Amino acid sequence: MNFLAHIYLSGNDESVIIGNFIADGIKGKRYEKYPPQIAKGILLHRGIDTFTDAHPIVHQSTAKLHKNYSHYSGVIVDILYDHFLAKNWSKYSDVPLDEYVDDFYELLRKNFTILPARIQRMMPYMIADNWLLSYATVEGISKILAQMNVRTKGISKMNLAVAELEEFYEEFEAEFTSFFDELIIFSKNKLTEL
């Protein structure tokens, strides 16, 4: 899953949200250096990633992309799934997406000093281009995929994946919906277990 899903699946605890958001940059046991609730968010993120990577529905989605994008297929599916979460946001939250996203950006500003340097550098771009809100449109996803392609120095060709998104749109959306219902249950259970 990508940023929006990880944030959403963290629940309402701000420290868990921060931990889940920064988790990709925290390797090994370094999470132990953080306050307990942030550490909980980091471990939740890892659990979500493990559950997602092993899930047969996610494999169905990545199979549509594997021929053209190889090992980048999983990254692309994470981004596409965030699109369907953003597009169908009102099904999952009573808080409008723009308000939810603004609250999250404010949370980042408030916790800037806790964020790893890589996230601190990324944050201004994320907020200025409003990445999370842009996920709701195919045009927004197209921009995100293009940025990801630049980050891979053009090797991934992720910018072209909008073609598959449009070709298999209904299938991707159905797969996301089935999978995300299971992921919500998994995440709630994981939070109580941690």
Side-chain angles (χ1 to χ4, degrees), residues 1-55 58-59 62 71-83 85-86 92-93 100-135 141 144-145 147-153 155-156 158 176 179-180 182-194:
M1 301 310 296
N2 205 37
F3 294 133
L4 185 61
H6 275 292
I7 296 159
Y8 172 79
L9 293 166
S10 298
N12 297 320
D13 185 308
E14 292 185 350
S15 295
V16 172
I17 293 169
I18 290 290
N20 197 337
F21 180 69
I22 67 172
D24 279 335
I26 313 299
K27 303 301 177 201
K29 294 200 169 220
R30 288 197 198 136
Y31 72 89
E32 293 174 346
K33 295 178 182 167
Y34 287 88
Q37 290 303 98
I38 290 180
K40 185 176 183 175
I42 294 166
L43 294 174
L44 173 64
H45 182 109
R46 292 176 182 180
I48 289 168
D49 281 356
T50 301
F51 181 83
T52 301
D53 292 345
H55 203 284
V58 176
H59 291 175
T62 56
H71 63 278
Y72 293 105
S73 301
V75 177
I76 295 167
V77 167
D78 286 348
I79 294 167
L80 300 187
Y81 278 13
D82 256 16
H83 164 65
L85 174 57
Y92 300 102
S93 177
Y100 184 89
V101 165
D102 285 346
D103 289 347
F104 174 69
Y105 293 152
E106 189 51 42
L107 179 64
L108 288 184
R109 288 185 195 100
K110 232 170 48 179
N111 291 278
F112 187 80
T113 55
I114 296 169
L115 305 176
R118 184 180 67 87
I119 303 281
Q120 288 179 345
R121 288 191 301 274
M122 177 188 80
M123 193 183 104
Y125 300 102
M126 180 185 210
I127 294 171
D129 292 339
N130 206 347
W131 292 358
L132 299 179
L133 194 61
S134 76
Y135 289 163
I141 287 298
I144 297 292
L145 291 168
Q147 289 168 352
M148 294 296 288
N149 186 52
V150 169
R151 283 177 59 193
T152 67
K153 297 180 178 25
I155 295 164
S156 69
M158 281 194 234
F176 162 77
F179 168 67
F180 202 64
E182 290 184 40
L183 184 58
I184 289 169
I185 294 163
F186 169 83
S187 299
K188 284 180 180 167
N189 291 339
K190 191 76 178 167
L191 272 170
T192 55
E193 174 192 306
L194 288 169

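Nothing here was measured: the structure is a model prediction, and the numbers come from that model.
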Exercise for the section: Look at the side chain of Y8 and the backbone N and O of I184, then say whether any donor-acceptor pair between them is shorter than 3.5 Å. Expected result: no

Handout entry: Short side-chain to backbone donor-acceptor contact, K190 and I48, under 3.5 Å
Key = no

Practice task
Assign the ring pair F3 / W131 to parallel, tilted or perpendicular, where the plane angle (0 to 90°) is split at 30° and 60°.
Solution key: parallel

Handout entry: Any E14 side-chain heavy atom under 4.5 Å of Q37 side chain
Key = no

Handout entry: Any I22 side-chain heavy atom under 4.5 Å of I38 side chain
Key = yes

Handout entry: Residues, nucleotides or ligands: over 12 heavy atoms within 6.0 Å of R109 CZ
Key = yes

Exercise for the section: Start with the C-alpha gap between F21 and L107, add the side-chain angles, then the distance that decides, and say whether side chain to side chain contact (heavy atoms under 4.5 Å, CB included) holds. Expected result: CA-CA 11 Å; F21 180 69; L107 179 64; over 6 Å; no

Exercise for the section: Verify, without hydrogens or angle tests, whether S156 (side chain) and T152 (backbone) share a donor-acceptor contact under 3.5 angstrom. Expected result: no

Problem - Point-to-point distance, once rounded to the nearest 0.5 Å, from CG of L183 to OH of Y81 - result: 10.5 Å

Handout entry: Minimum heavy-atom distance between D24 and K27, given as atom pair plus value
Key = O-NZ, 2.6 Å

Problem - Within the 6.0 Å centroid threshold, strictly below: H55 and F179 - result: yes

Completion exercise
Separation between OG1 (T52) and CG (D49), nearest 0.5 Å, reads 6.0 Å

Practice task
Step through the shown structure and confirm whether more than 12 heavy atoms of other residues, nucleotides or ligands are within 6.0 Å of NZ on K33.
Solution key: no

Exercise for the section: State, without any angle test, whether H83 and N2 hold a side-chain donor-acceptor pair at a distance under 3.5 Å. Expected result: no

Handout entry: Flag, side chain of N149 to backbone of L145, donor-acceptor distance under 3.5 Å
Key = no

Practice task
State whether the side chain of Q120 and the backbone N or O of L115 hold a donor-acceptor pair below 3.5 Å, judged by distance alone.
Solution key: yes

Problem - Validation row: Y105, M126 side chains within 4.5 angstrom (heavy atoms) - result: yes

Practice task
To the nearest 0.5 angstrom, please state how far the NE2 atom of H71 sits from the OG1 atom of T62.
Solution key: 13.5 Å

Completion exercise
Here the gap from L191 atom CG to S10 atom OG, rounded to the nearest 0.5 Å, amounts to 7.0 Å

Fill in the blank from the handout: Correct closest heavy-atom pair for L132 and A86 would be O-CB, 4.5 Å

Practice task
Find out whether Y100 and I7 are in side-chain contact, i.e. whether some heavy atom of one side chain is under 4.5 Å from a heavy atom of the other.
Solution key: yes

Exercise for the section: For residues L194 and V16, determine if any side-chain heavy atom of one lies less than 4.5 Å from a side-chain heavy atom of the other. Expected result: no

Problem - From CG (D102) to CD1 (I127), nearest 0.5 Å - result: 9.5 Å

Handout entry: 4.5 Å side-chain heavy-atom contact, S134 and D129
Key = no

Practice task
Answer yes or no: is there a side-chain heavy-atom contact under 4.5 Å between F180 and L85?
Solution key: yes

Fill in the blank from the handout: Tightest non-hydrogen contact, residues P116 and I26, listed as CG-CD1, 3.9 Å

Exercise for the section: Calculate, to the nearest 0.5 Å, the distance between atoms CD1 and CD belonging to I42 and E32 respectively. Expected result: 10.0 Å

Exercise for the section: State whether the side chain of N20 and the backbone N or O of L9 hold a donor-acceptor pair below 3.5 Å, judged by distance alone. Expected result: no

Practice task
Apply the test side chain to side chain contact (heavy atoms under 4.5 Å, CB included) to residues D13 and K40: give CA-CA distance (whole Å), side-chain angles for both, the deciding distance (0.1 Å), then the verdict.
Solution key: CA-CA 10 Å; D13 185 308; K40 185 176 183 175; over 6 Å; no

Problem - Heavy-atom donor-acceptor pair, H45 side chain to A23 backbone, under 3.5 Å - result: no

Practice task
For residues F176 and V77, determine if any side-chain heavy atom of one lies less than 4.5 Å from a side-chain heavy atom of the other.
Solution key: no

